[in-house]
Amino acid sequence: MASTEVMRKEQNLPQSMRGRPVVMPLVDIFENDDEYMINTDLPGISADNLNVSLDRGELTVEGICPDEPDTSEALVREYRPRDYRRTFLVPDTIQADGISANLDDGVLTIRIPKAAAVKPRRIEIKVD
Amino acid sequence: MLTGWLDVDRTFSLMDDFRRRMDRVLEDMEAGQPWQAARSNTWPRANLYDTGEDLRLVLQLPGVSKDSLSISSNQETLTIRGERKTEIPRGYSIHRQERSPVEFSRSFTFPVKVDADKSSAELKNGLLTITLPKLPELKPRSIEVSVG
């Protein structure tokens, strides 16, 4: 079935943006008859610093984390601000203009509707 | 042919997993502070800042809503409890599942005394920021030098 091949992630190695390491955010990917759904953890990223783009079948999520304020001294540091980046391969059979993205409590949800041609269709049986 | 593809996918997902573990290890090494040593399974992760007037505790809590969070304090410790749910939506099949549901409780003690009554907390973009004013006698004070 075609669905086993979709959403195989492109291997994007971390690149330095602004001299800071880039990490891959964790994702969940779901699919039903109508759409694909991607949930990804992006703590500390506001909508202004987030970029979701689709280019030649690659869906890229990029989040730039703001710098820590200089005025404060870190006493304990279990994490560092990180930029996030992850790319997904998306099949051709989607409606690119129907993609929506919603950021809630640091979790980005992307919904990618499938094209009508690949949705399962029920065919009515007429009785004469 | 199809199984061949799937094997390739599995190899890469192993690499992903390895990469993530290495990220965590490196973060732990960077963290390297003798407070409460961050273990790779510590969730949520926290940073503590000193702004002079206040202590500021910031926790990474993606997917935790305000309603599922509780913060309590007594004189010595501050405790944050909560739950993060990652539900599989009904009728969907799973391609990848990397995010996990967590029920957590973390307690913190601070190097200086703080005024719990005047503390405030804000949850925004998956970060919980708790601002704890230092007790007045601990705030930095400049001492004038008088010339006799």
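Numbered from 1 within each chain, the chains take letters A, B, ... in sequence-line order.
At least one donor-acceptor pair under 3.5 Å links the side chain of B:Asn47 to the backbone N or O of A:Tyr79.
Ring planes of A:Phe30 and B:Tyr92: perpendicular class, angle over 60° (limits at 30 and 60°).
Atom CG in A:Leu26 sits 10.5 Å away from atom CZ in B:Arg96 (nearest 0.5 Å). Atoms CG and CD, from A:Asp28 and B:Gln97 in turn, are 5.0 Å apart once rounded to the nearest 0.5 Å. Note that the CG atom of A:Leu75 and the CG atom of B:Asp50 stand 5.0 Å from one another [nearest 0.5 Å]. Remark: A:Asn32 CG to B:Arg90 CZ distance equals 12.5 Å, nearest 0.5 Å.
With a 4.5 angstrom heavy-atom cutoff, B:Ile88 touches chain A via backbone and side-chain atoms both. Residue A:Ile45 touches chain B through its backbone alone, counting heavy-atom pairs closer than 4.5 Å. Neither the backbone nor the side chain of B:Ser100 comes within less than 4.5 Å of any heavy atom of chain A. Looking at A:Asn39, both its backbone and its side chain come within 4.5 Å of chain B, counting heavy atoms on both sides.
Nearest heavy atom pair, residue B:Arg84 against residue A:Asp41, reads NH2-OD2, 3.0 Å.
In B:Lys118, the NZ atom is not crowded: 12 or fewer heavy atoms of neighbouring residues, nucleotides or ligands sit closer than 6.0 Å.
Options B:Leu123, B:Val58, B:Leu61 differ in how many heavy-atom pairs under 4.5 Å they form with chain A, and the most are formed by B:Val58. Of all the listed residues (B:Gly91, B:Ser65, B:Pro89), the one sharing the greatest number of non-hydrogen pairs under 4.5 Å with chain A is B:Pro89.
Electrostatic pairing of B:Arg106 and A:Glu78 counts as a salt bridge here, judged by a charged N lying under 4.0 Å from a carboxylate O.
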Passes side-chain contact (heavy atoms from CB on, under 4.5 Å), A:Asp105 versus B:Val64? Steps please. CA-CA 6 Å; A:Asp105 285 331; B:Val64 177; over 6 Å; no

